[in-house]
Amino acid sequence: MMNSKKRKSMENKGREIPAELIWLIFSKLPFVNLPSCRLVCKAWSDVVLTGKLHPSISISNHLFLAHDYLFDPNLQCLHLDPKYLGGMCNVAKFRFHPDFVLSSTYISIVNFCNGLLCCKFEHRTTKMPPYENVEVCILNPMTNEYFKPPISNASKDRWYYCYRFGFSPKTKQYKLVRFFYSCDKAAILLETFTFGTNCKSTYVSCVPSSMSMEEHSVYFNGSLYWIGKQLKHPTNVLYRLDIEKEELQEISFPQSGGCCSIGVFNGSLYLTLAQGRYHAYHVWKMEEDFSWTKAFDVLLPKIYVHHRRLYDSQLQLIRACDDGKILCLISGLDLILYNSKTQRMESLTYQHLNIKKVHRIDSFNFDSLHKILTGDA
């Protein structure tokens with residue numbers, strides 16, 4: 001006669017739901033609920049981590065992360081679409097781990113790369129020397145895992161500047177790029193750290209000390225892009241770093257301009273330049289040979305300009321709508337719909353957003369962060 005323990009084990013086994021069916025159920029949920037599903041039990045966690053994304057959870061080019069202000073420990077996940085009131089819907093909130101965030105911590109979002117987020121934390125405190133108060137980490141928002149690269153900042157002759165994070169599709173390696181001002185060489189030097197190799201540093205190149213590097217960068221097709229600005233002259237240049245070859249390239253701007261920004265839009269890299277006291281923006285598309293093609297202009301009514309902050313008048317392209325209109329974010333304050341053919345715009349924002357910049361979520365990644373960075377995922 002079968003004992004009760006064995007019989008109960010067989011009954012429980014018979015009631016187990018196949019992983020394929022669980023994943024099919026998960027596919028009907030908003031993607032932001034999947035991290036919570038992992039907390040229910042080990043079986044559910046394994047299904048999320050090992051299952052392939054259902055087509056209904058495929059990445060949407062309408063999802064962005066927004067950081068409200070520099071000391072805010074929260075990130076907002078926004079769905080930007082004209083169908084919503086105000087052009088946006090807040091679908092989730094993420095809070096940084098308290099180990100990284102103090103009350104006086106200055107938070108910078110560096111860039112997204114394959115669903116991973118690179119962040120920099122600068123602790124504004126007099127208890128730390130300026131060369132020791134900066135931390136950088138890689139975050140997987142889907143698994144809430146952090147990784148702090150084992151790199152040291154303790155050096156009095158180096159003033160660390162900013163970071164970049166990228167991936168080589170050919171070698172399948174993730175790399176962290178660090179800029180620092182060398183007091184000995186009086187120049188800004190670049191070095192890379194390759195994950196999976198004990199973060200061994202490799203010297204790459206240097207740029208003139210007169211160049212000011214933007215904190216924000218864009219990862220696109222195996223390369224990192226960012227804007228360099230001359231401190232004493234109104235001359236800007238676009239830098240490109242090939243992640244695989246670790247080669248730095250300067251790309252000239254198609255024209256001079258005021259406030260400028262770069263971003264990925266409709267599968268290409270675009271540059272926007274403000275002109276005429278920010279009444280107009282010229283939008284340029286980068287071609288495969290790194291030349292520029294004029295895409296369109298965005299013209300703003302003068303009455304609209306007076307309501308915007310002039311110190312950060314950037315135009316960020318969000319998405320192209322089915323009717324041909326373009327959803328844009330201006331100065332981090334206003335979402336607009338722009339028709340490039342009629343040059344008419346429609347404001348969607350019923351109140352100023354004050355989010356400075358939104359960062360496009362390029363993909364979701366539910367694998368272990370350690371496996372992803374070491375190439376074992």
Side-chain angles (χ1 to χ4, degrees), residues 61-62 64 66 78 80-82 86-88 109 111 212-218 220 225-230 233-240 251-287 290-321 323-349 352-360:
N61 62 352
H62 313 157
F64 295 79
L78 306 177
L80 301 182
D81 196 298
M88 59 177 285
I109 307 301
N111 66 280
S212 172
M213 298 296 171
E214 276 201 348
E215 191 72 46
H216 175 65
S217 62
V218 173
F220 181 65
Y225 295 85
W226 67 92
I227 294 174
K229 299 180 180 180
Q230 287 279 4
H233 305 283
T235 303
N236 298 330
V237 64
L238 184 66
Y239 283 102
R240 170 182 175 264
I251 302 173
S252 300
F253 270 31
Q255 66 178 94
S256 59
C259 290
C260 52
S261 66
I262 55 171
V264 178
F265 175 72
N266 270 9
S268 298
L269 195 72
Y270 279 77
L271 170 72
T272 62
L273 291 167
Q275 296 288 327
R277 304 187 78 174
Y278 314 124
H279 293 172
Y281 294 90
H282 300 310
V283 181
W284 295 83
K285 176 184 176 182
M286 176 179 283
E287 304 295 344
F290 307 115
S291 63
W292 298 100
T293 300
K294 185 70 169 295
F296 55 89
D297 294 330
V298 176
L299 305 178
L300 302 180
K302 291 184 179 180
I303 189 172
Y304 179 81
V305 177
H306 296 309
H307 298 283
R308 295 161 49 236
R309 52 186 180 194
L310 297 180
Y311 63 87
D312 187 20
S313 299
Q314 293 185 348
L315 172 71
Q316 189 173 359
L317 305 178
I318 301 299
R319 59 164 295 201
C321 302
D323 58 2
K325 296 179 181 178
I326 300 171
L327 182 63
C328 307
L329 177 67
I330 299 182
S331 303
L333 294 176
D334 300 278
L335 281 169
I336 67 167
L337 269 179
Y338 188 77
N339 190 324
S340 59
K341 295 181 179 180
T342 63
Q343 296 185 344
R344 292 184 178 181
M345 56 164 286
E346 173 189 355
S347 179
L348 301 178
T349 310
H352 285 336
L353 303 176
N354 195 30
I355 57 178
K356 189 174 178 63
K357 195 178 189 69
V358 293
H359 304 267
R360 186 184 303 272

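Between Asn111 atom CG and Ser217 atom OG the span is 3.5 Å, to the nearest 0.5 Å. Atoms CG and CG, from Leu335 and Asp81 in turn, are 10.5 Å apart once rounded to the nearest 0.5 Å. Atom CG of Leu299 and atom OG of Ser340 lie 10.5 Å apart (nearest 0.5 Å). Atom CD1 of Ile336 is separated from atom CD of Glu346 by 10.0 Å, given to the nearest 0.5 angstrom. Here the CG-CG distance, from Leu317 to Asn266, works out to 9.0 Å after rounding to the nearest 0.5 Å.
When side chains are defined from C-beta on, Phe265 does not count as touching Val283, because their heavy atoms never get closer than 4.5 Å. When side chains are defined from C-beta on, Cys260 counts as touching Phe253, because their heavy atoms get closer than 4.5 Å. The shortest side-chain heavy-atom distance between Leu327 and Leu348 falls under the 4.5 Å cut-off. Within the 4.5 Å cutoff, the side chain of Leu238 has heavy atoms near those of the Ile227 side chain. Counting heavy atoms from C-beta outward, Gln343 and Tyr338 have side chains that approach closer than 4.5 Å. A 4.5 Å side-chain heavy-atom check between Phe220 and Met286 finds every atom pair outside the cut-off. When side chains are defined from C-beta on, Pro82 counts as touching Arg319, because their heavy atoms get closer than 4.5 Å.
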Verdict with supporting geometry, Ile318 and Phe64, side chain to side chain contact (heavy atoms under 4.5 Å, CB included): CA-CA 9 Å; Ile318 301 299; Phe64 295 79; 3.6 Å; yes
Stepwise side chain to side chain donor-acceptor pair (under 3.5 Å) test for Trp292 and Gln255: CA-CA 10 Å; Trp292 298 100; Gln255 66 178 94; over 6 Å; no
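Listed here is the closest heavy atom pair of Trp284 and Lys294: CE3-N, 3.4 Å. Between Ile251 and Tyr225 the shortest heavy-atom distance is CD1-CE2, 4.3 Å.
With Gln316 contributing its side chain and Gly263 its backbone, the two residues share no donor-acceptor pair below 3.5 Å. Ser261 places a side-chain N or O within donor-acceptor distance of the main-chain N or O of Leu315, the cut-off being under 3.5 Å. Panel note: side chain Arg344, backbone Leu337; no donor-acceptor pair is recorded below 3.5 Å.
Residues that satisfy the ring pair (Phe, Tyr, Trp, His ring centres under 6.0 Å) test with His359, not counting sequence neighbours, are His216. Looking at residues two or more places apart in sequence or on another chain, you find a side chain to side chain contact (heavy atoms under 4.5 Å, CB included) between Lys285 and Ser268, Tyr270, Glu287. Taking Ser291 as the reference, Asp289 meet the side chain to side chain donor-acceptor pair (under 3.5 Å) condition, with sequence neighbours excluded.
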